[in-house]
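The shown structure was predicted, so the numbers you read here are calculated from the model rather than taken from an experiment. Numbered from 1 within each chain, the chains take letters A, B, ... in sequence-line order.
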Amino acid sequence: MPSDVNRRSTRSRVTSAVTLQQVARDAGVSLATASRVLSGSDRNVKQELQDRVLEAAARLRYVSNAPARALVQSTTSLVGLVVHDVRDPYSAAVTSGLMEVARDHKLLVMVGPAYHDPALQTEYVARLRAQRARAIVLAGSGFTGGTTELAREVEAFTAQGGRVIAVSHEGLPVDTLTPRYRDGGRAVARHLASLGHTEAGVVCGPTGLVAVQERLRGFVEAAAELGLTVLDKHCVEAECTRDGGRAATIRLFRRAPELSAVFALDDAMALGVLAALRDDLGRMVPDDVSVIGYGDFPLAEDVTPSLTTVHLPLEEIGRRALSLALGDAPASPRQLTVPTRLVVRASTAAPHPHGS
DNA sequence: ACACATCCGGCTCTCAGGTA
DNA sequence: TACCTGAGAGCCGGATGTGT
């Protein structure tokens, strides 16, 4: 029969981490007193003991054991952020805003890139649930109609006491924050029509995404009202990247070389549109073709010509999403919106008459 | 082979008791 | 009586021991 000593030896880990117990011993106080001093408890501890504990903790380079603390408090300092791609400016801006709030609350952020894969989105939520994360912000747009697997996983996470804030998602039983994409799309159509364009092409990302579909819907609806023709065959779908936008533009102008305007449903794609028009198609922007993006990423102002685009307050979305996640849970899920606005720059102009 | 009990990690919190 | 301290419970779930 194995002795208790043997059992201990097989189970104890070799560790040099300083524990609260060691700090307490070093300071000559009880574990509880050391905990009160170091955890910011509102219980009073005599100044002399406080000094001794703080001095011992500093000398031993003590940091509290987060998993152990989480065990007691049933909450962790971990929050999850699920985006589509950490490389895109959209994710970077949202992350930056969210990080500000996380820093203020001393939270650790774990970022998961789902690469437009709903299964991967679901997997990240499951992993964050296993880590007992305090909250999750699903920042990458969801798919139209939502996915039952993701909804189920989100439900399991919230049942466990976690909070989830979804940005541009449908069918999730949590607070949802959605930019007024449709308004932005409508503003683009109005702008092109007001300049005198009568026909436009569209370069868009996966139409299964809520964000893409809503932007497109607003644009197409308003275009129809304003007499701006947008043919189905002039809507080209590609990856939401610069290269995707570039390839889509080449395809688009092969089909419709006469187009005087292109609406890219994402700024990264719009950069690809500009590159294709300049380098592959020999067209001038905006003299030959007007280009509009969506997102107002930092680069939009700096490219030549500067990009007319729809401004999305991305950092604000990140800040607001995490603030909501850390606030009190509402009685029922809320649908919250964020305004969008058109920013007119140098990439759009009135069309030149044919032959001039 | 299986079900159930116990231990372990590090920490916070409650409550009883000591001191001025 | 007020304030402070310290012992011990309990947090959770995986690993291990024990009994049937």
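Within the 4.0 Å cut-off from OP1 or OP2 of dG10(B), not a single side-chain nitrogen or oxygen of Y62(A) is found. Side-chain N/O atoms of T33(A) include one lying less than 4.0 angstrom from OP1 or OP2 on dG6(C). For dA7(C), neither phosphate oxygen OP1 nor OP2 lies less than 4.0 angstrom from any side-chain nitrogen or oxygen of S30(A).
Atom pair L20(A):CG and dG10(B):P shows a separation of 11 Å (rounding to whole Å applied). Taking atom CG of residue L38(A) and atom P of nucleotide dC11(B), one finds them 9 Å apart after rounding to whole Å. For the pair Q21(A) CD and dG8(C) C1', the interatomic distance rounds to 12 Å; values are reported in whole Å. Residue L31(A) contributes atom CG, which lies 20 Å from atom P of dC4(C) at whole-angstrom precision. Between the CZ atom of R25(A) and the P atom of dG6(C) there is a distance of 15 Å, rounded to whole Å. Protein atom NZ of K46(A) is 11 Å distant from nucleotide atom C1' of dG18(B), rounded to whole Å.
Contact annotation for S35(A): base contact, defined as any heavy-atom pair under 4.0 Å involving a base atom.
Closest to the side chain of L49(A), out of dT12(B), dT5(C), dG10(B), is dT5(C).
A perpendicular orientation is assigned to the rings of H84(A) and F143(A), their planes being inclined by more than 60° (bins at 30° and 60°).
In plain terms, the two heavy atoms of D267(A) and D296(A) that are nearest each other are OD2-N, 2.6 Å.
E100(A) has no carboxylate O lying under 4.0 Å from a charged side-chain N of R103(A), or vice versa, which leaves the two without a salt bridge.
When the shell of 6.0 Å around CG of D279(A) is examined, it contains more than 12 heavy atoms from other residues, nucleotides or ligands.
The base of dT14(B) is paired with the side chain of R36(A) by a donor and an acceptor separated by under 3.5 Å.
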